[in-house]
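Working notes for the structure below.
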There are 2 protein chains.
Amino acid sequence: MSDTDASARDVADRMERVAFNADGLVAAIVQQHDTLEVLMLGWMDAEALRRTLTSGRVTFWSRSRGEYWRKGDTSGNVQLVRGARLDCDGDAVLVSVEQVGPACHTGTRTCFDSDDLVPAVVDDERRGRS
Amino acid sequence: MSDTDASARDVADRMERVAFNADGLVAAIVQQHDTLEVLMLGWMDAEALRRTLTSGRVTFWSRSRGEYWRKGDTSGNVQLVRGARLDCDGDAVLVSVEQVGPACHTGTRTCFDSDDLVPAVVDDERRGRS
């Protein structure tokens, strides 16, 4: 068996632990590996996750378009995989990346840069205790 | 109108921008405000998000138990709200918190500490280019 076959089998083994939802999807949080900015949240089915773990490029499943897509195929703002971890109940993946350029299609660095929900109460109990 | 009423109305206005899914839920990524660790992913319905934005404590909707829950009510490991931002298409919230103690019910700091998916190819294009 080649190293490539062994590696693909290892990836398949690790993917057995993922708890895909009723639509066959798992939430993928994308985080810049060095600054630790949370860049975006996307969705992966098993094939998108397999491609992510074996190609070096983050691959999503588009629920609205019904197709696979990779950040940067049209914009050039690619997401290069640095790591990937599964959460304790298997239904969320944290993907560590090198993001080239803006992660958001609106041109901002992250998809969370534009819309502050401004909590009315912040860190309340801690202030109450101090 | 009291300040409290005005604040509650402002929160309701901001929540109009949230695109809850078919189950009435939005994904909530929880991030430690200073270290920027991603601690966990949870789910909020409109009421859980309203409580999160108005109480100072992160509140989720448990899909398995069908009830609201706040991290730390039994363990003491509370999540105190520092900020909250909505993503560009309105279907994910990034909540900045002060996490007291471990975020994960398994006792680890984050829910992503235990299960490395070990991508077979890492940062491939960048290496190829250098």
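Every chain is numbered from 1, with letters handed out A, B, ... down the list of sequences.
- A:Phe20 is connected to A:Met44 through a chain of hydrophobic side-chain contacts under 4.5 Å among Ile, Leu, Val, Met, Phe, Trp and Tyr, so both are in one cluster.
- Inter-residue side-chain proximity for B:Arg51 and A:Val121 is flagged as unmet; no heavy-atom pair is nearer than 4.5 Å.
- In this structure, A:Ile29 CD1 and B:Met40 CE are separated by 9.5 Å, a value rounded to the nearest 0.5 Å.
- Rounding to the nearest 0.5 Å places CG of B:Leu41 at 6.5 Å from CG of A:Leu41.
- Proximity to chain B is absent for every atom of A:Thr108, based on heavy atoms less than 4.5 angstrom apart.
- Expressed to the nearest 0.5 Å, how far CG of B:Leu49 lies from CG of A:Leu117 amounts to 6.5 Å.
- Residues B:Tyr68 and B:Val58 do not share a hydrophobic cluster, defined by chaining ILVMFWY side chains whose heavy atoms lie under 4.5 Å apart.
- Of the atoms belonging to B:Asp13, not a single heavy atom falls under 4.5 Å from chain A.
- Neither the backbone nor the side chain of A:Asp10 comes within contact range of chain B, judged by heavy atoms closer than 4.5 Å.
- Taking B:Ser114, B:Cys88, B:Gly83 one by one and counting their heavy-atom pairs under 4.5 Å with chain A, the maximum is reached by B:Cys88.
- Heavy-atom distances place the side chain of A:Val11, and not its backbone, under 4.5 Å from chain B.
- A salt bridge links B:Asp115 and A:Arg17; the closest N-O separation between the charged side-chain nitrogens and carboxylate oxygens is under 4.0 Å.
- Side-chain N or O atoms of B:Arg14 include none that pairs as donor or acceptor with a backbone N or O of A:Asp116 at under 3.5 Å.
- Using a 4.5 Å cut-off between side-chain heavy atoms of Ile, Leu, Val, Met, Phe, Trp and Tyr, with links allowed through other members, B:Leu39 and A:Leu94 fall into different hydrophobic clusters.
- Under the side-chain contact (heavy atoms from CB on, under 4.5 Å) test applied with B:Pro119, the options A:Val95, A:Val81, A:Thr52 reduce to a single match, A:Val81.
- With hydrophobic clusters built from ILVMFWY side chains whose heavy atoms lie under 4.5 angstrom apart, A:Leu53 shares a cluster with A:Trp69.
- Of the possible donor and acceptor atoms, none in the side chain of B:Gln31 sits under 3.5 Å from a partner among the backbone N and O of A:Glu37.
- The choice from A:Cys104, A:Ala84, A:Ser96, A:Ala27 that makes the most heavy-atom pairs within less than 4.5 Å of chain B is A:Ala84.
- In this structure, A:Met15 is a member of the same hydrophobic cluster as A:Val26, with clusters built from ILVMFWY side-chain heavy atoms closer than 4.5 Å.
- For A:Val97, no part lies near chain B; criterion is any non-hydrogen pair under 4.5 Å.
- Residue contact with chain B, scored on non-hydrogen atoms closer than 4.5 Å, involves the side chain of A:Thr106 exclusively.
- When B:Val38, B:Thr54, B:Val118 are compared by the number of non-hydrogen pairs under 4.5 Å with chain A, B:Val118 comes out ahead.
- Residue A:Asp89 holds its CG atom at 7.0 Å from SG of B:Cys111, rounded to the nearest 0.5 Å.
- The minimum heavy-atom distance between A:Asp87 and B:Phe112, with the atom names listed, is CB-CE2, 3.5 Å.
- In this structure, the portion of A:Arg63 lying under 4.5 Å from any heavy atom of chain B is its side chain and not its backbone.
- The backbone N or O of B:Val122 sits nowhere less than 3.5 Å from a side-chain atom of A:Arg82 that would complete a donor-acceptor pair.
- Using a 4.5 Å cut-off between heavy atoms, A:His105 contacts chain B through its side chain alone, with no backbone atom that close.
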